[in-house]
Amino acid sequence: MERVFLFDWGDTLMVDDPANTEKMYLWKDVAAVEGAEETLKALSKHHTIYIATSAQESSEAEIQQAFQRVGLDRYINGYFCKTNVGIEKNCAEFYLAIADELNVKPDELTMVGDVLNKDVYPAIKAGLNAIWFNRNSEDVPENIVSISKLEELI
């Protein structure tokens with residue numbers, strides 16, 4: 001059964017550097033998170049993949065350019081961010097707007113991200129399926145689906 005996946009950007013698919021104040025597509029060095037390409041390649045064969053990011057200032061085109069630099073853009077069908085959704089990511093309305101834009105029911109979307117308060121809890125509140133990318137193997141709150149490696153999604 002085909003599913004629609006939403007992935008967080010920073011520290012879920014691409015390594016974020018909080019010390020770097022420029023937009024990521026302008027960084028001297030960018031890198032994919034370990035397992036990102038293999039996971040996206042496998043999932044994209046049977047599922048649709050979008051980015052749902054809390055990037056505040058980057059445009060859809062700038063986000064795509066960052067993904068192009070690490071070769072992940074070929075697996076991604078589109079990018080949702082504050083500049084094109086008009087809503088910040090840390091609330092259910094962000095995810096409901098994406099479901100509306102994609103013309104799918106919220107429960108047909110699965111959000112994968114590394115921050116509970118931005119990626120998981122608001123997505124669940126909106127009625128999405130959510131998976132916490134818990135690379136550091138922290139204690140998992142009750143009723144939260146967690147993975148420690150992206151490849152677990154395959």
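These numbers were taken from a predicted model, which means no experiment stands behind them. Residue indices begin at 1 and follow the sequence shown.
- Put simply, the side chain of Arg3 does not reach to within 4.5 Å of the side chain of Glu108, judged on heavy atoms.
- Linking Ile, Leu, Val, Met, Phe, Trp and Tyr residues whenever their side-chain heavy atoms come within less than 4.5 Å leaves Met111 and Leu116 in two separate clusters.
- Between Ser146 and Ile131 there is no side-chain heavy-atom pair separated by less than 4.5 Å.
- Listed here is the closest heavy atom pair of Ser59 and Cys81: C-SG, 4.3 Å.
- Scanning all heavy atoms of the two residues, the minimum distance from Thr12 to Val112 falls at CG2-O, 3.9 Å.
- No donor-acceptor pair under 3.5 Å is formed between the side chain of Asn134 and the backbone N or O of Ile147.
- Residues Thr110 and Leu128 have side chains not in contact (no heavy-atom distance under 4.5 Å, counting atoms from C-beta outward).
- Contact check for Asn90 versus Ser54: no side-chain heavy atoms found under the 4.5 Å cut-off.
- With Trp27 contributing its side chain and Glu22 its backbone, the two residues share a donor-acceptor pair below 3.5 Å.
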After noting the C-alpha distance and the side-chain angles of Glu101 and Phe80, does the key distance pass the side-chain contact (heavy atoms from CB on, under 4.5 Å) rule?
CA-CA 10 Å; Glu101 175 73 23; Phe80 294 102; 3.7 Å; yes
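- Salt-bridge annotation for Lys125 and Glu93: absent, with no side-chain N of the basic residue lying under 4.0 Å from a carboxylate O of the acidic one.
- Using a 4.5 Å cut-off on side-chain heavy atoms (C-beta onward), Leu109 and Asn129 make no contact.
- The two residues Phe133 and Ser148 make their nearest non-hydrogen contact at CE1-O, 3.7 Å.
- Inter-residue side-chain proximity for Val120 and Val115 is flagged as unmet; no heavy-atom pair is nearer than 4.5 Å.
- The cluster map of Ile, Leu, Val, Met, Phe, Trp and Tyr, joined by side-chain heavy atoms under 4.5 Å apart, puts Val33 and Leu153 in the same cluster.
- To the nearest 0.5 angstrom, Ile154 atom CD1 is 12.0 Å from Lys149 atom NZ.
- Between Asp11 atom CG and Asp114 atom CG the span is 5.5 Å, to the nearest 0.5 Å.
- Leu102 and Ile49 sit in two unconnected hydrophobic clusters of ILVMFWY residues. Membership requires side-chain heavy atoms under 4.5 Å apart, directly or through other members.
- Side-chain contact between Leu40 and Leu150 is absent, with no heavy atoms from C-beta onward closer than 4.5 Å.
- Around the CD atom of Gln56, the shell of radius 6.0 Å holds more than 12 heavy atoms that belong to other residues, nucleotides or ligands.
- Under a hydrophobic clustering in which Ile, Leu, Val, Met, Phe, Trp and Tyr are joined whenever their side-chain heavy atoms come within less than 4.5 Å, directly or via other members, Ile98 and Tyr79 fall into different clusters.
- Summarising the geometry of Ala130 relative to Val145, their closest heavy-atom pair is O-CB, 3.8 Å, with the distance given to 0.1 Å.
- Hydrophobic cluster membership differs between Phe94 and Phe5, with clusters built from Ile, Leu, Val, Met, Phe, Trp and Tyr side chains linked at under 4.5 angstrom.
- Note that OG1 of Thr53 is 8.0 Å distant from CE of Met24, once rounded to the nearest 0.5 Å.
- Checked against the 6.0 Å centroid criterion, the rings of Tyr50 and Phe7 do not qualify as a close aromatic pair.
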Kindly determine whether Ile76 and Ile51 satisfy side-chain contact (heavy atoms from CB on, under 4.5 Å), including the steps that lead there.
CA-CA 7 Å; Ile76 298 167; Ile51 300 304; 3.7 Å; yes
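- In this model, a donor atom of one side chain and an acceptor atom of the other lie less than 3.5 Å apart for Asn84 and Glu60.
- With contacts defined as side-chain heavy-atom distances shorter than 4.5 Å, the pair Ile124/Ile144 qualifies.
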Do Phe67 and Tyr25 pass the ring pair (Phe, Tyr, Trp, His ring centres under 6.0 Å) test, and can you show the C-alpha distance, the side-chain angles, and the key distance before you say yes or no?
CA-CA 8 Å; Phe67 277 92; Tyr25 83 103; over 10 Å; no
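- Of the options Val85, Ile87, Asp119, Asp100, a side chain to side chain contact (heavy atoms under 4.5 Å, CB included) to Tyr95 is made by Asp119 and by none of the others.
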Carefully, step by step, assess Glu57 and Thr83 under the rule side-chain contact (heavy atoms from CB on, under 4.5 Å).
CA-CA 7 Å; Glu57 298 175 18; Thr83 60; 6.0 Å; no
Could you check Tyr75 against Lys41 for side-chain contact (heavy atoms from CB on, under 4.5 Å), going step by step and ending with a plain yes or no?
CA-CA 6 Å; Tyr75 309 113; Lys41 182 178 182 180; 3.6 Å; yes
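- The number of heavy-atom neighbours closer than 6.0 Å to CD of Glu152, taken from other residues, nucleotides and ligands shown, is above 12.
- Contact between Pro122 and Asn117 at its shortest, heavy atoms only, is CG-O, 3.2 Å.
- Heavy-atom minimum distance, Arg74 versus Glu37: NH2-OE2, 3.0 Å.
- A salt bridge links Lys89 to Asp8: one of the charged nitrogens lies within less than 4.0 Å of a carboxylate oxygen.
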